[in-house]
Amino acid sequence: MEKLAPGRAADIIEEMEPDKAADVLAGLSPEMSQDVLEEMPGKEARDVQALLRFDENSAGGMMSSDFVFVGETATRGEVIEFISTRDVKLEQLDTVFLINGEAQLSGTVAVARLLLAPEDQPLAELKSEPLVSLPPDAHEKEVFELFDKYNLRSLGVVDAEGRPIGLITVDDVVTRLRAH
């Protein structure tokens with residue numbers, strides 16, 4: 001990447017998942033990283049910059065900002081319609097986050113449960129128990145422990161008010177463990 005022109009590097013990086021793009025940029029010199037960010041479109045650059053501020057070995061450093069969340073009162077039919085109208089990477093979608101009226105994480109629903117539910121069933125009735133999440137400053141060891149303890153496929157990262165800000169997938173955990 002260091003040998004590419006910033007515009008070309010930006011073209012490549014903006015096609016990546018936000019968390020992977022942040023990892024690549026973190027490995028570049030500060031000057032090159034800034035040049036590439038300036039060449040990226042606004043939303044993609046903001047998503048990646050938000051991830052760069054977290055320590056690499058924290059939940060925030062492992063998370064992706066690319067996730068689906070809906071109100072807990074939404075029905076299965078409404079959620080399917082919502083997802084179908086969004087630019088969602090379907091091959092990576094295995095969990096839908098639920099938020100309450102205060103925009104706080106209130107549950108998660110596995111896509112498999114969503115698909116098998118009746119059209120008019122509220123998602124609040126499908127959520128998994130227990131609700132497990134971490135703050136972005138949690139150390140990666142805590143992430144590993146929760147994935148192991150609850151056999152998770154994904155884990156929500158929430159801000160100080162309990163609002164979802166990211167998602168850590170089992171793929172992220174495996175990649176991190178292989179690097180150790």
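Residue numbers run from 1 in the order of the sequence given.
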Note to self: Would you say D172 and T175 are linked by a side-chain donor-acceptor pair, where the criterion is simply a distance under 3.5 Å?
What the structure shows: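 Their side chains do not contain a donor-acceptor pair, so the 3.5 Å distance test is not met.
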Closest approach of [X] to [Y] (non-hydrogen atoms, all atoms of both residues):
X    : Y    : result
F147 : I168 : CZ-O, 3.4 Å
A21  : I13  : CB-CG2, 3.4 Å
L126 : A117 : CD1-CB, 3.6 Å
E78  : A74  : OE1-CA, 3.3 Å
L123 : V109 : O-CG2, 3.7 Å
M32  : L28  : CG-CD1, 3.9 Å

Hydrophobic cluster identity match, [X] and [Y], side-chain contacts under 4.5 Å:
X    : Y    : value
V132 : L167 : no
F54  : V173 : yes
L155 : F97  : no
L51  : L25  : no
V143 : L152 : yes

Check: Which residue, Q121, E81, E125, E119, forms the side chain to side chain donor-acceptor pair (under 3.5 Å) with R76?
Finding: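 The single option meeting the side chain to side chain donor-acceptor pair (under 3.5 Å) with R76 is E119.
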Margin query: Looking at E39 and D11, would you say the former's side chain and the latter's main chain have a donor-acceptor pair under 3.5 Å?
Written below: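 Checking the backbone N and O of D11 against the side chain of E39, no donor-acceptor pair under 3.5 Å is found.
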Margin query: How about CZ on R153, more than 12 heavy atoms from neighbouring residues, nucleotides or ligands closer than 6.0 Å, or not?
Written below: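 Not more than 12 within 6.0 Å, no.
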Next item on the list: Give a yes or no on this: more than 12 heavy atoms of other residues, nucleotides or ligands lie within 6.0 Å of atom CD of E56.
Entry: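 At most 12 heavy atoms, drawn from other residues, nucleotides or ligands, come within 6.0 Å of this atom.
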Atom pair [atom1]/[atom2] of [X] and [Y] - distance to nearest 0.5 Å:
X    : Y    : atom1 : atom2 : result
M40  : I12  : CE    : CD1   : 11.5 Å
D148 : E145 : CG    : CD    : 8.5 Å
H139 : F144 : NE2   : CZ    : 8.5 Å
L134 : E140 : CG    : CD    : 12.0 Å
S133 : R163 : OG    : CZ    : 13.5 Å
D94  : T108 : CG    : OG1   : 9.5 Å

Notebook entry, point to check: Should P41 and E14 count as side-chain neighbours, where that means a heavy-atom distance under 4.5 Å?
Noted result: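 Yes. Closest side-chain heavy atoms under 4.5 Å.
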Residues 57-72 side chain polar contacts: donor-acceptor under 3.5 Å, at least two apart:
{"residue": "S58", "atom": "OG", "partner": "D55", "partner atom": "O", "Å": "2.7"}
{"residue": "S58", "atom": "OG", "partner": "G60", "partner atom": "N", "Å": "3.4"}
{"residue": "S58", "atom": "OG", "partner": "G61", "partner atom": "N", "Å": "3.1"}
{"residue": "S58", "atom": "OG", "partner": "P136", "partner atom": "O", "Å": "3.2"}
{"residue": "S64", "atom": "OG", "partner": "D66", "partner atom": "N", "Å": "3.1"}
{"residue": "E72", "atom": "OE1", "partner": "S106", "partner atom": "OG", "Å": "2.7"}

